[in-house]
Every structure is written in C-alpha cells, then in structure tokens.
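Worksheet: one structure, shown below.
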Amino acid sequence: MASPNSYKLSCSIPGHEMDVRGLAVAFFPDGAFTSVSRDRTGRVWVPNSSPDRGFTEMHCMTGHENFVSCVCIIAPSDTYPRGLIATGGNDHNICVFTLDQPQPLFTLKGHKNTVCALSSGKFGTLLSGSWDTTAKVWLNEKCMMTLQGHTAAVWAVVILPEQGLMLSGSADKTIKLWKAGRCEKTFTGHEDCVRGLAVVSDLEFLSCSNDATIRRWLVTGECVQVYYSHTNYIYSLAVFPNGQDFVSTGEDRTLRIWKQGDCQQTIRLPAQSVWCCCILPNGDIAVGASDGLIRVFTEVEDRMANPQDLQAFEDELSKTTIDPKTGDLGDIKMEDLPGREHLEEPGNRDGQTRLIKEGQNVEAYQWSVADSRWMKIGDVVGGSNQQTSKKVNYEGKEYDFVFTIDINEGGPSMKLPYNVTDDPWLTAHNFLQKNELSPMFLDQVANFIIENTKGHTLGAAAPSAADPFTGRVNKHKYNFLVHFSLMRTCCSNTLIMTFSPGTGRYIPGSGTPTGAPVGVADPFTGEGAYSSAASRQTSTNIYFPKTDGVTFEQANATQIMAKLKELNGGAPGEYRLSEEVLESLEKLLVSVCNPCTTEQPTTEQISLLWKTSHWPEDIVFPVLDILRLAVRHPQVNDSLCGGDADDGVALCNHLLSLMKPQGRPANQMLALRTLCNCFSGWRGRALLLAQREAVLSHAADLCSVCNKNIHIALATLVLNYAGSLHGQPDLEAKAQCLSVASAALESVQDKEAVFRLLVALGTTVASDQTAQDLAKSLGVMSQIAKYTSVTDPAKVGECCQLVLKELQ
C-alpha cells in the first residue's frame with residue numbers, strides 16, 4: 001500500500017495526437033482543466049463518474065495554423081461568466097475561446113514569432129511571451145504595451161498578485177520584473193535558458209531552467225534557495241495551494257514532487273519530454289508529455305488507478321529505451337556494471353537510479369520509497385562504451401540511431417531515424433520533406449548525420465552544439481537549431497551640470513508669466529503656476545479631463561539675453577555669434593514674449609534660433625529658453641514642428657538628445673518644457689503624437705533624476721499627451737501614458753508634479769472603460785491611494801479622490 005504522502009497514477013487520458021505542450025486549470029466546470037498540443041488543438045477535460053475515475057473531453061478548440069504551445073485561463077467576468085481560454089501558437093497568434101464554439105472568439109496578432117508563454121491577471125489582462133524576444137500586455141482585444149529588454153526568446157511569463165507587477169524569463173538566462181510596463185529589476189543566476197516561472201506569494205516566485213535547477217526568489221532580487229534533483233532541462237513548475245510545496249517536470253522524463261524544500265518523490269514517465277504540469281483543485285497533478293498523453297497522479301487512495309492499470313503503467317515504463325546520450329545516467333561502462341544482486345540493497349532516496357547488467361543488456365531501475373522496491377524504468381541502449389549493436393525501435397521499425405532534432409530550441413522535438421547502411425543525404429531529404437521543413441537545411445542535416453555516425457558504432461560521442469539563444473554547449477540532446485535573436489544595445493555618456501538660484505541671477509525657465517489672461521486663476525495650480533488657454537471649469541470635477549495644452553509661459557527676456565551674451569563672449573570661435581545675430585535673436589524673443597507687439601518672427605530669425613540651439617551643451621541653455629518660448633508662437637510652431645516633415649522630426653530628435661539621464665539638468669528641464677509648449681500649436685501637437693513612443697520613453701528615463709523642476713516638466717508632458725489622446729481610440733498610446741505616469745509616481749515627491757500626474761491619470765481614464773481596466777490592472781488605485789489625505793495643497797487630495805472614483 002502506498003504511503004499517505006506518495007502519488008500514484010490515477011488515470012491516463014488519450015485524445016491528443018502529438019505532444020501535449022500546455023495545461024491549465026479551468027474555472028468551469030468544477031474540476032476541469034484545459035490542454036493544448038502540437039496537434040494544433042486545445043481540449044477541455046471534465047471529471048467523469050466512471051469506475052476508472054477518468055476525464056472526458058468536453059470541448060475541442062481549433063484555430064491555430066501550427067502547433068499550440070501554451071494555454072491560460074482568463075478569469076470570469078460579467079461578459080464571460082465562465083471565463084475565456086487563451087492559447088498561443090507557432091503561428092505567432094494568440095487565440096481566445098469560449099466554451100460555446102470551437103473557433104476563436106477573437107485572435108490577437110502582434111508577435112513576430114512563436115507565442116510560447118501566457119499568463120492572465122485581474123480585470124482581463126493577458127501577458128504573453130514570444131520567441132521574438134518581447135512580452136506583450138493585452139486587454140480587451142488590444143495590445144496595451146510591449147515589454148522590451150530581453151535579448152533572446154521569452155520562454156516564461158507570469159503576472160504577480162500585486163497589481164502592476166509582471167515577470168518574464170528568457171533564453172538570455174535572466175528574469176525581469178516589470179511594473180507599469182517598465183523593467184524595475186533583472187534577476188541573474190541561472191546558467192542557461194529560463195523555461196518556467198511560478199508564483200509562490202506576493203513576495204516570492206520560483207523559476208526553472210535548462211541548467212537543471214529550480215530557484216526561489218524574492219521580488220526584491222535575492223535568490224533564497226536553489227533546488228537540485230533534475231538531471232536535464234526543466235520545463236514547467238506548479239505550486240500547491242499552501243504556497244510552499246511544488247512540482248516540476250522536464251526532459252529527464254520525470255515529474256518531481258517537492259515538499260518542505262526537498263524532492264520527496266520522483267515519478268518517471270514512459271516519454272522523453274514531460275512538457276507541462278498543473279495542480280488540479282482536488283490536489284491531484286496533471287502532466288502532459290511528448291507521447292501525446294495526459295496523465296493524472298493522486299495521493300488519495302480512492303482516486304488511484306486499479307491494480308491492473310498501475311501494473312500496465314509500470315510495464316510500459318519498463319519497456320522504454322533510454323539513450324544515455326541524454327546525460328541522465330552518466331557514462332556507462334558495461335564491464336563495470338553490477339548484476340541483479342545490486343537490487344537487493346535498498347535505495348537511500350526516492351527516485352534514485354541504478355543500472356545493472358543483465359546478460360548483454362543494461363537495465364535501469366528507480367527506487368520507490370512508497371513501495372520500498374526497485375522499479376524497472378527501461379532498457380539502456382547505445383551506452384558510451386557499449387559495443388553491442390542493439391537496435392532502437394521507432395514507429396514499428398528498428399534503427400541503429402534515432403536522433404532527437406529540435407527546430408527552434410525547446411520547440412516540439414522531431415525524430416530522425418537512421419541506419420548506418422542508409423544514404424545520409426536521402427535520409428536528410430526525407431526528414432525535411434516529412435516535417436515540411438525548408439530544403440535549404442539539407443546540407444546541415446546530412447552533415448549532422450555523417451558527423452554523429454562516424455565509425456558506424458552506437459554511442460559515438462555527439463559533437464558540441466552551441467545553443468543560439470544562450471551560447472551554451474548543449475550536452476543533453478542533439479539539437480539542430482535555426483532560430484536566432486537580435487540584441488539591441490544603447491549607451492550614453494554625458495556630463496552633469498547643476499545650477500543654484502541666487503538673487504538677481506538668471507535661472508533657466510524663470511521669470512514672470514507672460515501671455516496669461518489677466519485675472520484668471522488656473523484651477524489646477526493656482527495663480528502663476530502655469531497658464532492655460534481655458535478659464536476655470538464650473539463642473540464639480542474641475543480637474544479632468546483636461547484637453548487643452550498646458551504650457552510654460554514664465555519669461556524674463558532681459559536676463560535671458562544677458563546670459564546669452566555673457567556665454568557668447570566665452571564661446572569657442574566657431575560658435576561665437578555676431579552682434580547682428582544676437583540682435584536678431586533678441587528681436588525674436590521680444591516678438592514671442594510680448595502679446596501686444598505687431599512684429600512677427602521672420603524666417604531668418606527662426607533659422608538662426610534653430611542653428612544656435614546646437615551650441616555646446618554646457619552653454620546652450622539660454623538658447624533653449626528662447627526656443628521654449630518661441631515654439632508657442634504659431635509661426636515658429638508651424639516652421640519648426642512641421643513646415644517640412646523632416647524639420648519636425650529633427651526638432652524632436654534634438655530635444656531628446658538633450659534629455660539623456662546623465663545630461664545637464666538645465667538642458668533636460670528646458671527640453672521637456674519646449675516639448676510641452678509645442679502642444680500649443682496644431683503642428684506641434686501632430687508632431688509629438690507621431691513621435692509619442694520615443695518622446696515618452698526618453699521622458700520616463702528622467703523619473704530617477706532628483707530635480708523638482710524636471711519632474712514638474714515631465715508630469716506636464718504626460719498631461720499634455722493625455723489631453724491630446726482623450727476621446728481617441730488609441731489604446732496603446734493611452735497605455736504608455738498610464739505606464740509613464742505610474743512610473744513617475746514611484747519617484748516624484750514634489751506635490752505639483754504629483755498633482756499634474758494625477759490629472760494626467762484622470763484625463764486618460766475618463767469615460768474610457770478599457771483604459772480604466774488597464775489602470776486597475778497596473779495597480780494605479782493602490783499606488784495613488786496615499787494621496788487622498790493630502791490637504792496641502794488641497795487639490796492633490798481632491799483630484800486623487802476623483803481619480804479613484806472614476807476607477808471604481
């Protein structure tokens with residue numbers, strides 16, 4: 001009789017015709033789960049009441065054009081009370097199904113390669129990972145944001161319980177923590193591809209890897225434990241409801257059950273790859289494998305298979321053949337192996353393996369603690385020093401070799417059978433044709449066969465094959481790898497310059513407000529903080545949505561010109577301005593600052609301003625101050641922001657070049673303010689909306705700069721974008737606004753900056769249910785709740801309460 005803590009086979013579930021690649025517990029019906037397979041289908045299984053306590057196929061889903069590699073369940077909602085099923089496939093698509101029809105309800109397109117990982121969160125949020133090196137966040141049939149940063153395939157993703165936190169694991173050997181769409185932390189430690197992730201709690205998670213280890217991490221970055229037991233790639237993890245114990249599966253043919261930090265049970269399966277696992281609501285474990293079967297294991301005696309089925313499972317396992325080249329059994333020397341008497345000694349741990357010599361054969365046994373005996377797990381063929389010529393059985397025929405070939409490492413394995421008397425070129429041709437692969441690989445496959453069958457002896461050592469994702473030599477499997485990824489790098493190296501205000505001294509961006517309607521107090525900041533084209537709103541919510549651009553109007557033309565002339569005196573010769581040029585710039589400054597003047601900026605003046613704005617970074621700030629004021633003028637706005645399409649892009653790129661995190665604070669602030677002021681004209685607004693992704697990405701990099709004025713300018717830029725997008729269907733743009741605003745709120749302390757970010761949030765989510773759902777999934781509500789009690793200034797608390805009301 002099995003011990004109370006040991007798992008035994010409950011049932012085997014046929015149905016899929018090829019590898020079972022993903023499993024997920026369903027919300028409906030009770031006890032049901034979903035599987036996906038290389039056979040291009042997904043299936044829903046429900047418990048039946050038959051004596052074998054098995055499962056019945058309730059629903060079959062089709063829609064992918066190639067193999068299906070992952071599945072997750074989207075939680076029930078008012079619209080879909082039974083939840084939705086999302087599947088990802090080799091066709092680069094994500095199909096989303098209901099239980100009512102076999103075809104997809106809708107299909108999500110956007111990834112450029114296989115979608116190999118999915119995770120669902122609150123409010124219908126979906127996170128996907130792909131071989132295209134990205135992860136994507138989806139909501140309401142739209143891609144809200146793309147998470148970029150990995151340099152190789154993203155094999156695993158998971159949404160953490162704390163809203164807004166997401167994890168991705170990659171073939172670049174790292175795990176990244178994302179908050180509101182931005183990478184907050186990178187975890188390093190694994191020595192090969194990260195293949196699986198599982199949530200332990202709000203603060204902990206597990207990862208598994210091709211390096212045959214499992215790691216437990218704190219979200220703060222520390223690896224608190226490393227688990228060793230597997231002997232090959234580990235593909236999947238699932239955590240028990242107690243949050244401590246878990247199970248894992250991998251390429252070593254095993255399901256391993258971990259309790260109290262130790263591997264307490266190893267269950268070997270008669271299949272090479274155990275791709276996936278999940279824990280059912282009753283505590284049973286379901287696993288999917290390369291033989292197309294789903295097997296369920298239980299520790300409850302009443303749910304265990306009958307003795308005949310248990311014996312049939314053990315017999316099937318004993319008849320499997322084990323290739324020592326997988327690395328699971330080490331180097332085998334026939335002459336050194338003991339005989340059957342070696343099995344009279346009990347094992348010292350569950351899952352321990354022993355090899356014995358039985359005549360001219362090598363047999364493998366595994367110790368079962370539950371049954372206190374050695375169980376045969378297969379016959380070993382092709383040992384490294386084994387001189388027998390035992391054939392390998394494949395699809396009813398015997399072969400000298402059966403190679404495991406991976407197209408895209410970790411994808412579905414293909415078998416290449418070969419006899420030493422065969423023509424390697426013809427064998428390669430037939431293999432490519434059978435598996436619908438490009439004939440361009442003919443030489444590589446044929447040479448692979450020739451190289452690995454030199455000497456016509458079984459067990460010839462395989463040449464080292466470097467993994468294109470990781471660069472690591474693959475020791476466990478023959479791999480024919482044809483997928484590569486691109487690495488993006490960027491760097492910046494600039495100096496830092498700070499300014500201290502002093503009495504009567506020019507401060508970039510300072511001065512008295514100009515151009516503001518006299519006697520009109522701005523409802524957002526109070527008199528003089530900034531001006532707006534709109535007067536005070538009279539509705540209860542006077543803060544948002546705010547759709548007119550917010551500009552920086554402060555100017556002291558006299559001090560700006562004095563500083564410009566002072567710096568010009570010491571400027572390098574090639575940059576020094578003539579008196580005539582200085583006079584032209586001064587006239588331009590006066591014309592854009594004085595609303596009563598009849599003089600208009602000339603084309604020559606605008607050209608001189610643009611040229612001078614490229615002064616060296618240590619002296620350019622007064623010119624940027626003039627540029628900041630000038631772009632408010634319709635004529636300058638038209639000329640610099642879009643009179644010629646290239647001119648607008650050039651202006652944008654120049655300002656972004658001044659916003660590097662290591663740059664000079666005065667230049668950063670003035671570049672941000674100039675961008676804000678560009679929104680005052682329709683050409684400037686159109687330019688910035690077209691360049692939105694680059695502008696907001698660069699602006700977000702300045703969140704960590706400790707400078708109040710920079711933070712206020714950054715918040716204003718986000719607010720202007722939110723206002724321009726209000727009422728528009730561009731959900732990806734709104735997602736970026738939410739992401740940058742959320743990231744800024746993590747570091748911004750100044751109350752004016754906080755207030756403007758709150759207005760930006762309110763404007764983004766106002767009257768837009770999808771934007772509201774995304775904001776909630778990013779954890780915005782919990783992030784801003786602390787501001788509800790702020791009374792100095794009162795507008796912060798008032799606005800925060802209105803945003804929270806909008807999100808409820």
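By the 4.5 Å heavy-atom criterion applied to side chains, Leu609 and Leu585 are counted as neighbours. Side-chain contact between Val157 and Met166: absent, with no pair of heavy atoms (C-beta onward) separated by less than 4.5 Å. With a 4.5 Å cut-off on side-chain heavy atoms, Glu746 and Glu184 do not count as touching. The shortest distance between side-chain heavy atoms of Leu774 and Ser777 falls below 4.5 Å. The shortest side-chain heavy-atom distance between Leu160 and Leu177 falls under the 4.5 Å cut-off. The closest side-chain heavy-atom distance from Leu725 to Cys737 is below 4.5 Å. Counting heavy atoms from C-beta outward, Leu577 and Trp615 have side chains that approach closer than 4.5 Å.
With respect to Glu566 and Lys563, a salt bridge is recorded, a charged nitrogen being found less than 4.0 Å from a carboxylate O. Comment: Lys142 does not engage Asp730 in a salt bridge, judged by the lack of any side-chain N to carboxylate O separation of less than 4.0 angstrom. Between Glu732 and Arg692, none of the side-chain N atoms (NZ, or NE/NH1/NH2) sits under 4.0 Å from a carboxylate O, so this pair counts as no salt bridge.
Here Phe679 and Tyr721 bring their ring centres to under 6.0 angstrom of each other.
Counted within 6.0 Å of CD on Glu604, heavy atoms from surrounding residues, nucleotides or ligands total 12 or fewer; the atom is thus considered open.
Ring geometry, His614 versus His654: the interplanar angle falls under 30°, so the pair is classed parallel (tilted spans 30 to 60°).
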**Message:** Before you tell me yes or no, could you show the steps for Thr134 and Val154 under side-chain contact (heavy atoms from CB on, under 4.5 Å), namely the whole-Å CA-CA distance, both residues' side-chain angles and the distance that decides it to 0.1 Å?
**Reply:** CA-CA 6 Å; Thr134 73; Val154 177; 5.7 Å; no

